[in-house]
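See structure below.
Just so it is clear, the model here is predicted, and its values are computed rather than measured. Residue numbers start from 1 in every chain, and the chains themselves are labelled A, B, ... in the order their sequence lines are given, proteins ahead of strands.
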There are 2 protein chains.
Amino acid sequence: MIINNDKEENTEHNKQTAILHAAEEEFMEKGFDGAKTTAIAAKAGVTHAMLHYYYRTKANLFEQVFNEKISLMAQSFVSAFVEEDMPLCQKIQKMIENQFDFLNQNRDLPRFVVNELISKPERRELIIHKVKSMAKQILTRLQSEIDKHVEEGSFLPIRAIDLMVDIASINVFPFIALPIVMTIADSFYTTEDEFLMAKRTENVKVILNRILVNKS
Amino acid sequence: MIINNDKEENTEHNKQTAILHAAEEEFMEKGFDGAKTTAIAAKAGVTHAMLHYYYRTKANLFEQVFNEKISLMAQSFVSAFVEEDMPLCQKIQKMIENQFDFLNQNRDLPRFVVNELISKPERRELIIHKVKSMAKQILTRLQSEIDKHVEEGSFLPIRAIDLMVDIASINVFPFIALPIVMTIADSFYTTEDEFLMAKRTENVKVILNRILVNKS
DNA sequence: ACCTTTGATAACAAAATTGTTAAACATAAA
DNA sequence: TTTATGTTTAACAATTTTGTTATCAAAGGT
């Protein structure tokens, strides 16, 4: 009856999910403090009373977004650990690539999570509870596999935790610092994707050279 | 005449610098949006009218802090590039260590800068102007030195920009993610400092293994 | 002593932001 | 048709946050 003058086409069927999606965008971009419920409502194309009707408080709405993001983050690190029965060296390569590809599809996830985790330390319980035990299992398993290869003489000695941090570092940092890096790297790489795809193979090289006795 | 009932002892001589230091703390911890001028004034032990008297606006005060931090950041990356005449391999080692040590004394600097740079893209001009030309000079110089060593057969081929990003990654990430990493790493390392000092030598190892043909 | 400048305070004003409420509206079941 | 239920809106209220102003006090120069 009334003309549809929404700014954005309605891929969202109901307002509740529209609000959630708008909140996701806004919180990811600006963080909890930077995001405003009025802006979220506007982006979702609803009055801001509707936002409070469905989610009551800003903190509530944020929590829903944050919980989902933190699960995603945790899952990516855990699922990156490949189960298949292949040589450790290839397993590690696959781990790096899996994690990188995940981050490539969720480019601002690490910055968002790290940030909210640091500015509001009480939220850390959440990720600790979600990741800690699983991560430790994976680390001890990885460590014993590494140690076997060290005794064989095919691997250089390294602590599993150090290896994991190295991998996370070279994988995560390029996405966090992408805009800054690109302004400097623009004479080497013309597009973000070109830079990132080069980084993907570079990262494998860095880690394998760190752990393998014989270089390829 | 009036008793001194300030919470903190007056190492600050005047109120203006007290405000600036309080602002620095608050902004670094909570970012622009999370920081409140009232909280800054309280932390500095002055009425919040004084804050406006000296700095007029929150944005103004922030700018002073941000400018200083961004200069510090830029400087650290530039000055890390060692001038002395020593073998390239040692020069790179020193670069890594210099940058790591700087970050160790400014642990939340990268997160702060990256964050403000991303949530308010208009600020990027600042760092671009400050770093870009200098960084490019350094990169071309480094690239030619690398290429020489590659021809000699002592270095593996690598782009200077990739090397720099690798170094920044493994140096910066541990500080950004420190609280999260420590909850997982606590069975390997008991203190933050223990972890970080191990990381310092680990990082040198990672990079040298990446670029040297013959491993140590 | 008088005037000007600077530092300081309290009280106020304005804006932004979050949250609430009462009433209108729609829809489907009774 | 009536009732009950969930949805929507507009208007309002409360709080927080930023910024201003009128005023006062001290210090220094003339």
Side-chain angles (χ1 to χ4, degrees), chain A residues 1-8 10-66 116 119-120 122-123, chain B residues 1-8 10-66 116 119-120 122-123:
Chain A
M1 195 144 291
I2 291 167
I3 55 161
N4 183 341
N5 58 357
D6 291 356
K7 287 155 213 162
E8 48 193 352
N10 251 17
T11 51
E12 328 277 358
H13 24 298
N14 63 51
K15 302 197 175 187
Q16 189 167 358
T17 61
I19 292 169
L20 190 62
H21 287 154
E24 194 179 306
E25 266 186 52
E26 200 73 358
F27 282 132
M28 289 285 277
E29 194 183 328
K30 308 189 180 171
F32 180 82
D33 296 310
K36 307 289 136 155
T37 55
T38 48
I40 292 171
K43 183 176 279 186
V46 304
T47 64
H48 88 280
M50 283 314 294
L51 185 148
H52 289 291
Y53 173 68
Y54 282 116
Y55 297 97
R56 232 168 45 72
T57 65
K58 178 184 180 183
N60 230 284
L61 182 53
F62 178 83
E63 206 186 326
Q64 302 225 12
V65 173
F66 190 63
E116 296 299 333
S119 66
K120 310 274 158 64
E122 63 274 16
R123 294 199 188 114
Chain B
M1 196 146 291
I2 291 165
I3 54 160
N4 183 341
N5 58 356
D6 291 356
K7 286 157 213 160
E8 48 193 352
N10 252 17
T11 51
E12 329 277 358
H13 23 296
N14 62 53
K15 300 195 175 186
Q16 188 167 359
T17 61
I19 292 168
L20 190 62
H21 287 152
E24 193 180 309
E25 266 187 53
E26 201 74 358
F27 282 132
M28 290 284 278
E29 193 182 329
K30 308 188 181 171
F32 179 82
D33 296 310
K36 307 290 137 154
T37 54
T38 48
I40 291 171
K43 184 177 280 188
V46 304
T47 64
H48 89 280
M50 280 317 292
L51 185 147
H52 290 290
Y53 173 67
Y54 282 117
Y55 297 96
R56 233 170 42 75
T57 66
K58 179 185 180 183
N60 231 285
L61 181 54
F62 178 83
E63 207 186 323
Q64 302 228 10
V65 173
F66 190 64
E116 297 299 333
S119 67
K120 311 274 157 62
E122 63 275 15
R123 294 198 188 116

Taking all atoms of both residues into account, what is the closest heavy-atom pair of [X] and [Y], and its distance?
| X | Y | answer |
| --- | --- | --- |
| B/Glu29 | A/Ser119 | O-CB, 3.9 Å |
| A/Leu51 | A/Ala41 | CD1-N, 4.1 Å |
| B/Ala22 | B/Ile40 | CB-O, 3.5 Å |
| B/Phe32 | B/Ala59 | CE1-CA, 4.0 Å |

Atom-to-atom span, [atom1] of [X] to [atom2] of [N] - whole angstrom:
| X | N | atom1 | atom2 | value |
| --- | --- | --- | --- | --- |
| B/Phe62 | D/dG19 | CZ | C1' | 19 Å |
| A/Leu51 | C/dT17 | CG | C1' | 12 Å |
| A/Glu26 | C/dT17 | CD | P | 11 Å |
| A/Leu61 | C/dT17 | CG | P | 16 Å |
| B/Lys58 | D/dG19 | NZ | P | 8 Å |
| B/Asn60 | D/dT18 | CG | C1' | 13 Å |
| B/His52 | D/dT20 | NE2 | P | 8 Å |

Original post:
Taking the side chain as C-beta and beyond, is there a heavy-atom pair between B/Lys15 and B/Tyr53 under 4.5 Å?
Top reply: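 A side-chain contact is absent here, since even the closest heavy-atom pair is not under 4.5 Å.
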
**OP:** Would you indicate whether the side-chain heavy atoms of A/Phe27 and A/Lys58 approach each other to under 4.5 Å?
**Re:**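 With C-beta onward as the side chain, the pair touches.
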
Report each atom pair, protein N/O against N/O of nucleotides 7-12 of chain C, whose distance is under 3.5 angstrom.
{"unit_1": "C/dG7", "atom_1": "OP2", "unit_2": "B/Tyr53", "atom_2": "OH", "d": "3.0"}
{"unit_1": "C/dG7", "atom_1": "N7", "unit_2": "B/Tyr53", "atom_2": "OH", "d": "3.4"}
{"unit_1": "C/dA8", "atom_1": "OP2", "unit_2": "B/Tyr54", "atom_2": "OH", "d": "3.1"}

**OP:** Can you sort out which residues in residues 30-40 of chain B have a heavy atom within less than 4.0 Å of DNA chain D? Ascending by number, please.
**Re:**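 Contacts with DNA chain D under 4.0 Å: B/Ala35, B/Lys36, B/Thr37, B/Thr38.
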
Original post:
Are A/Lys120 and A/Asp33 within salt-bridge range, i.e. N to O under 4.0 Å?
Top reply: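 Between A/Asp33 and A/Lys120 there is a salt bridge, with a charged N closer than 4.0 Å to a carboxylate O.
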
Original post:
Between B/His48 and B/His52, what is the ring plane arrangement, given parallel below 30°, perpendicular above 60°, and tilted in between?
Top reply: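 Perpendicular.
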
